[in-house]
Asks: 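Starting off with a structure, shown below.
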Amino acid sequence: MSPNRYVFSSLFLAAALCTKVLQAADQKPTLLVDADHRTSISLDGDWHVIVDPYDNGYYDFRMQPRADGYFRNEKPDASGRLIEYDFSKSATLKVPGDWNSERDSLFFYEGTLWYEKDFQYQRKPGTRTFLHVGAANYLSHVWVNGKKACDHEGGFTPFDCEVTNLLGDGNNFAVIYVNDQRRADAAPTLNTDWWNYGGLTRDVSLIETPQTFVDDYSFALQRGGGGSIGGWVHVVDAPAGTPVIVKIPELNISQRASTDAQGRAAFSFHAPNLQHWSPENPKLYDVEIIAGGDHLKDAIGFRTVEVEGDNILLNGKSVFLRGVSLHAEAPYRSGRAWSEQDAETLLGWAKELGANFVRLAHYPHDERMTRLADRMGIMVWSEVPVYWMIQWDNPATLANATNQLREMIRRDRNKASVVLWSVANETPNTPARLAFLESLINTAHTDDPTRLVTAALLVTTQPESPEGIRTKVIDDPLGKYLDVLGSNEYIGWYEGTPDLASRTRWQSKYNKPLIISEFGGDAKFGLHGEPTERWTEEYQAEIYRQQIAMLKQIPFLRGLSPWILMDFRSPRRELPGIQDFYNRKGLVSNEGQKKKAFLVLQEYYKSLATQPR
Ligand code: GCB
């Protein structure tokens, strides 16, 4: 292709994608908090799918969005136009799932897939119905019975399209367009070290609510040790003065407030004899919220988390985060994790390791993970996919990242386990990036004043002293805006050999807690050799031994989340016989076998648990 043609077609594609994104902004879905405790009808299971690599269902031959010809019906409509598809004759895929691991021919596929499902429904008077999608990677458009319901951008957060007026009695059908083409202006952007699993990757259901209903709320223990719980409830379509009741039966609490003109009722009440949530005592209370005919239940833990100098305080006491990083990769079978069993296996391994903390990298994981972390007493770092490079100067990219951050916070702000929101991973130190991330940090603090904000930074390494000592300095200007500093480093893997750790010292420009949010190296399970031989379990174990010795010397270190719990698929990892498209930095293989480094870290965590540093 000539350079000019290339530029032209790139511009054309960019314009087409922009139109798509703009259209996506047209019909905004909502996000119903506590989706998993609401009245719902599952739409999981088999969906008919059409693979549409050239996006012909969406665009005509001039790449203009089709006015009347989307694959929105089960078959082409009666307009007489020749549109060559038929969902009922198309094969099926399972939802939840990702198409890459469900069908061999789609292993490397990135593009559009159309999903269709027939279902029965009986409308109920006084009931509103929402089509809930736990996650669709990455861009989706939803139709019910051929009529547009909503659009959503972002591959890892849930959305709910109101379909009350689109449903009929008896047979109904939903069509969902899902496109996972990587885009320079999206979040994440073109390059990531994880598989771009496409599809309806989490549960899909119909959620029913009363006419006037609670869509969002927040309850948290107030900082300062006074034992009071503060929060609010938002009621949709509630006139000002609508009563809202909040009950915590186990504590004999029943509180009443009224909505304001925005439908929001504020609460602040004392909770005597409250047991605080902690890893040692992950106590959850049943909380009931009653308003406008809605009656919601949730299970909420109460604790405070704050920073004092370079300490992280949980319930007022300094805590050390014995963690590990995780991708949402399914144990044993690979592909996107989504089931209760996946969550139990992954967090079970973290517990076995002696962890009290997980970094859920690099995007929001399934809500099952944060629910289970609540129950198991595991603190969580939750992150948005602002990874490596992003169009820092593009306002649409900032709006998109902000939206994904707000959706992540909204879904999980009542989970006691979540202590840290992370706004970025390994981003370059430039003025445009600083402004972008400062804006995200402000959004996180405004939307959730009860938690800490962090980011995984890269650090500067000073030249070696004559004695061969190097100093790593945390001096990224972003540190000023963060509550907790995260730092990724790969001494012994991308940087020198493992023993380099013994000649490395750490300094920080900030009087703030530090979490080493990544370190590690690759090892193929079962490959043995000398501790100097890369790819062997011994080499990886040596990295962990040397790192632990170094980390013990950092006075402001308050936690670590080495990279990573389990091997995960990545298109960047090709080495035949060793990687085979897996990043092998797991402490556990993708088949669940524990490598030697698992035991090294486990021993360290066990020693920390019995004898806090
Ligand atoms: C990193 C990234 C992580 C990669 C890892 C690696 O710094 O944050 O996403 O997977 O390194 O293995 O290179």
Side-chain angles (χ1 to χ4, degrees), residues 137 155-156 182 187-197 323-329 334 336-337 346 358-365 381-390 420 422-429 433 437 454-461 472 474 476 478 482 484-498 500-501 514-525 534-537 539-540 543-544 547 559-575 578-590 595 597-598 601:
N137 190 32
F156 302 97
R182 285 167 293 124
T189 180
L190 297 173
N191 198 7
T192 63
D193 189 21
W194 69 82
W195 210 269
N196 183 24
Y197 292 122
V324 66
S325 297
L326 263 86
H327 260 295
E329 182 91 8
S334 296
R336 187 56 76 228
L346 292 168
V358 287
R359 174 184 178 204
L360 300 183
H362 282 299
Y363 39 75
H365 289 211
W381 156 322
S382 184
E383 179 164 330
V384 282
V386 175
Y387 181 87
W388 287 351
M389 290 305 295
I390 285 281
L420 287 159
S422 170
V423 295
N425 181 75
E426 292 183 356
T427 52
N429 184 356
R433 161 276 200 171
L437 294 185
T454 190
L457 309 173
L458 293 169
V459 295
T460 314
T461 309
K472 286 197 174 276
I474 299 158
D476 188 319
L478 194 67
L482 299 172
V484 174
L485 310 164
S487 171
N488 295 354
E489 51 91 2
Y490 280 91
I491 299 171
W493 190 254
Y494 298 123
E495 197 188 348
T497 46
L500 187 56
L514 170 71
I515 294 174
I516 295 289
S517 34
E518 288 180 27
F519 72 84
D522 290 56
K524 167 97 172 162
F525 173 80
R534 274 184 189 258
W535 309 108
T536 63
E537 288 191 44
Y539 189 93
Q540 188 191 37
I543 291 180
Y544 274 73
Q547 285 274 349
L560 48 145
S561 50
W563 195 254
I564 185 170
L565 182 67
M566 192 188 77
D567 292 352
F568 61 96
R569 274 213 187 107
S570 168
R572 296 166 57 86
R573 310 293 174 177
E574 293 174 36
L575 187 63
I578 303 263
Q579 293 178 309
D580 302 313
F581 287 118
Y582 280 92
N583 182 314
R584 296 285 182 203
K585 294 190 184 67
L587 295 168
V588 177
S589 77
N590 52 301
K595 305 179 195 172
F598 185 98
L601 188 62

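Whatever order the structure lists them in is the order used to number ligands and atoms, beginning at 1.
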Asks: Would you say the side-chain atoms of S517 and N488 include a donor-acceptor pair closer than 3.5 Å?
Replies: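 Short answer, yes.
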Asks: Would you please name every residue forming a side-chain contact (heavy atoms from CB on, under 4.5 Å) with T461, sequence neighbours left out?
Replies: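 Here the qualifying residues are R470, K472, E495.
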Asks: I'd like to know if the side chain of R584 and the backbone of Q579 have a donor-acceptor N/O pair within less than 3.5 Å.
Replies: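 Answer holds: yes.
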Asks: Any salt bridge between D193 and R573, counting N to O under 4.0 Å?
Replies: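 Yes.
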Asks: I'd like the residue list for ligand 1, meaning every protein residue with a non-hydrogen atom under 4.0 Å from the ligand.
Replies: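 Those residues closer than 4.0 Å to ligand 1 by some heavy atom are D193, H362, Y387, N425, E426, N488, Y490, Y494, E518, W563, F568, R573, N583, K585.
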Asks: Below 4.0 angstrom, N of the basic side chain to O of the carboxylate: do R359 and E518 qualify?
Replies: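 Yes.
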Asks: Any chance the side chains of S570 and N583 put a donor and an acceptor closer than 3.5 Å?
Replies: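 Side chains of S570 and N583: no pair found under 3.5 Å.
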